[in-house]
Protein chains: 2
Amino acid sequence: MNISDFLTSIVPFDSAELGDILSCFEKKKFSKNTMLIEQGEICKTLYFIESGIGRSYFLKKDGKEVTQWFFGSGKFMSSVDSFFQQTPSLYYLEIIEDSVVYSISKSKMDELFSKYHKMEHFGRQVSIEMLTKVVNKLNAIQFQTAKERYEYMLEEFPDISHRVALGHIASYLGMTQETLSRIRR
Amino acid sequence: MNISDFLTSIVPFDSAELGDILSCFEKKKFSKNTMLIEQGEICKTLYFIESGIGRSYFLKKDGKEVTQWFFGSGKFMSSVDSFFQQTPSLYYLEIIEDSVVYSISKSKMDELFSKYHKMEHFGRQVSIEMLTKVVNKLNAIQFQTAKERYEYMLEEFPDISHRVALGHIASYLGMTQETLSRIRR
DNA sequence: CTATTCCTTTGACATAAATCAAAAACTAAA
DNA sequence: TTTAGTTTTTGATTTATGTCAAAGGAATAG
């Protein structure tokens with residue numbers, strides 16, 4: 001999904017506003033396995049995925065990767081708390097499929113928020129939507145069996161579930177890849 | 001914590017704005033065991049807890065209650081997605097200790113959001129803070145042992161952990177009360 | 001095209017936490 | 001204070017999922 005369609009689907013920006021907003025974004029292409037942010041860095045850029053897939057993950061003490069979220073087409077990708085609160089990121093951000101993204105810096109984003117009341121509204125809407133999604137995942141993880149969790153995954157990320165490594169999905173769902181492999185069969 | 005202190009701690013409202021905003025809230029007292037919202041209802045009111053404690057919970061298919069969140073002094077309490085998106089609530093909202101709360105209707109809240117750019121900013125900040133907290137809980141639930149989860153609870157809700165029923169905490173942490181009882185010992 | 005590396009599946013076994021059941025310890029009411 | 005109700009603790013057993021180990025398949029680079 002296109003970024004300007006996404007913006008206007010949530011808030012009715014007029015064309016002047018939209019032009020101004022879009023001019024703050026920069027279009028980029030990233031190839032598979034590109035790392036956007038390392039754990040511990042402060043996230044200074046917000047990304048919008050036009051096409052492709054990204055994920056956030058962190059390393060457990062034992063060195064195992066744990067996927068925290070997937071970002072598909074039409075979604076903003078960042079380490080939310082690191083970007084908005086300028087604290088060290090708990091996660092790595094990685095592009096896992098060749099992607100076209102739009103990026104914007106924290107300072108530009110803040111300018112837009114203070115320049116346009118509508119933009120602030122947009123930001124709030126997107127945050128609440130994300131909050132709802134995280135709560136859904138939490139409920140799935142907390143109260144469902146491994147099998148039901150996989151079904152949640154298929155619903156939440158229908159376009160992504162079959163394009164990423166099994167191990168990434170397993171850790172996202174809080175189970176081992178052996179367990180997920182057995183469930184899929 | 002007082003509501004006007006809370007508002008100004010996040011956004012520097014001037015006294016006229018603050019007065020206008022506060023006039024939209026209504027102060028109420030609720031006693032223990034009051035139900036504010038039932039599962040399935042659309043949440044039309046947002047609450048701010050000045051003192052006391054509330055919780056949200058839902059019923060699993062087998063009829064067991066599962067605590068979803070605790071709301072202590074200085075926090076907004078609602079069924080977030082139901083309130084902001086006006087969809088049926090997945091949760092019950094219950095006051096579990098005699099409380100003093102400020103309530104505001106969805107329509108008044110929306111008026112404030114559109115009247116004051118600063119209020120929209122406030123809303124975004126609060127949403128992001130909540131998002132961060134839910135992500136923290138998610139990480140605790142997903143990757144930590146029962147014991148570590150209890151330690152997370154003590155950190156996140158230091159003032160609440162010793163005031164609510166063990167069963168409520170156990171279900172919040174995604175474990176049985178027997179397990180929590182064994183951990184505490 | 002072939003070799004190396006990575007990813008997925010399968011099997012055997014271990015374990016944290018759930019379940020079931022009942023006793024003990026609080027709380028609140030009469 | 002006695003009674004009834006609720007909440008917490010303790011014990012015995014079960015179970016879903018994790019861990020460890022190895023083999024089979026796919027993908028990628030040279």
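The basis for the numbers below is simple: all heavy atoms, side chains too, and nothing from hydrogens, waters or symmetry mates.
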Inset, instruction - Taking atom types as modelled, find out whether Ser127(B) and Ser127(A) have a side-chain donor-acceptor pair closer than 3.5 angstrom. - result: no

Inset, instruction - Mind checking side chain to side chain contact (heavy atoms under 4.5 Å, CB included) for His121(A) and listing every partner two or more places apart, or none if nothing turns up? - result: Val11(A), Arg124(A), Gln125(A), Glu120(B)

Please enumerate all protein N or O atoms sitting under 3.5 Å from an N or O of nucleotides 24-30 of chain D, with distances to 0.1 Å.
{"residue": "dT28(D)", "atom": "OP1", "partner": "Lys32(A)", "partner atom": "NZ", "Å": "3.3"}

Legend entry - Charged tip of Lys137(B) within 45° of Tyr172(B) ring normal and under 6.0 Å: yes

Inset, instruction - Kindly check if the number of other-residue, nucleotide or ligand heavy atoms within 6.0 Å of NZ (Lys108(A)) is above 12? - result: no

Legend entry - Heavy-atom protein contacts under 4.0 Å, nucleotides 4-18 of chain D, coded B base, S sugar-phosphate only, - none: ----BBBBB----SS

Inset, instruction - Give me the bend of the helix from dC1(C)-dG30(D) to dA30(C)-dT1(D), using the axes of the five pairs at each end, rounded to 10°. - result: 50°

Legend entry - Contacts of Gln85(A) that satisfy side chain to side chain contact (heavy atoms under 4.5 Å, CB included) - sequence neighbours left out: Asp81(A), Thr87(A), Ile128(B), Thr132(B)

Inset, instruction - Kindly state each residue pair satisfying ring-ring contact (aromatic ring centres under 6.0 Å, His included) with at least one member in residues 13-46 of chain A, sequence neighbours excluded. - result: none

Legend entry - salt bridge (Lys or Arg N to Asp or Glu O under 4.0 Å) contacts touching residues 159-173 of chain B (sequence neighbours left out): Glu97(B)-Arg163(B)

Inset, instruction - Any salt bridge (Lys or Arg N to Asp or Glu O under 4.0 Å) involving residues 66-76 of chain B? Give me the pairs, sequence neighbours left out, ordered by first then second residue. - result: none

Legend entry - Interface limits on DNA chain C, where chain B has a heavy atom under 4.0 Å of a nucleotide atom: dA17(C) to dA21(C)

Expected list for residues 45-57 of chain A: side-chain donor-acceptor pairs under 3.5 angstrom, two or more places apart:
{"residue": "Glu50(A)", "atom": "OE1", "partner": "Tyr102(A)", "partner atom": "OH", "Å": "3.2"}
{"residue": "Arg55(A)", "atom": "NE", "partner": "Glu94(A)", "partner atom": "OE1", "Å": "2.8"}
{"residue": "Arg55(A)", "atom": "NH1", "partner": "Thr67(A)", "partner atom": "OG1", "Å": "2.8"}
{"residue": "Arg55(A)", "atom": "NH2", "partner": "Glu65(A)", "partner atom": "OE1", "Å": "2.6"}
{"residue": "Arg55(A)", "atom": "NH2", "partner": "Glu94(A)", "partner atom": "OE1", "Å": "3.1"}
{"residue": "Arg55(A)", "atom": "NH2", "partner": "His168(A)", "partner atom": "NE2", "Å": "3.4"}
{"residue": "Ser56(A)", "atom": "OG", "partner": "Gln68(A)", "partner atom": "OE1", "Å": "3.1"}
{"residue": "Ser56(A)", "atom": "OG", "partner": "Trp69(A)", "partner atom": "N", "Å": "3.2"}

Inset, instruction - Using distance alone, with no hydrogens and no angle criterion, decide if Ser82(B) and Ser89(B) have a side-chain donor and acceptor under 3.5 Å apart. - result: no

Legend entry - Ser15(A): partners by side chain to side chain contact (heavy atoms under 4.5 Å, CB included), with sequence neighbours left out: none

Inset, instruction - Sequence neighbours left out, what passes side chain to side chain contact (heavy atoms under 4.5 Å, CB included) with Gln144(A)? Give chain and number order. - result: Ala140(A), Glu148(A), Arg149(A), Tyr152(A)

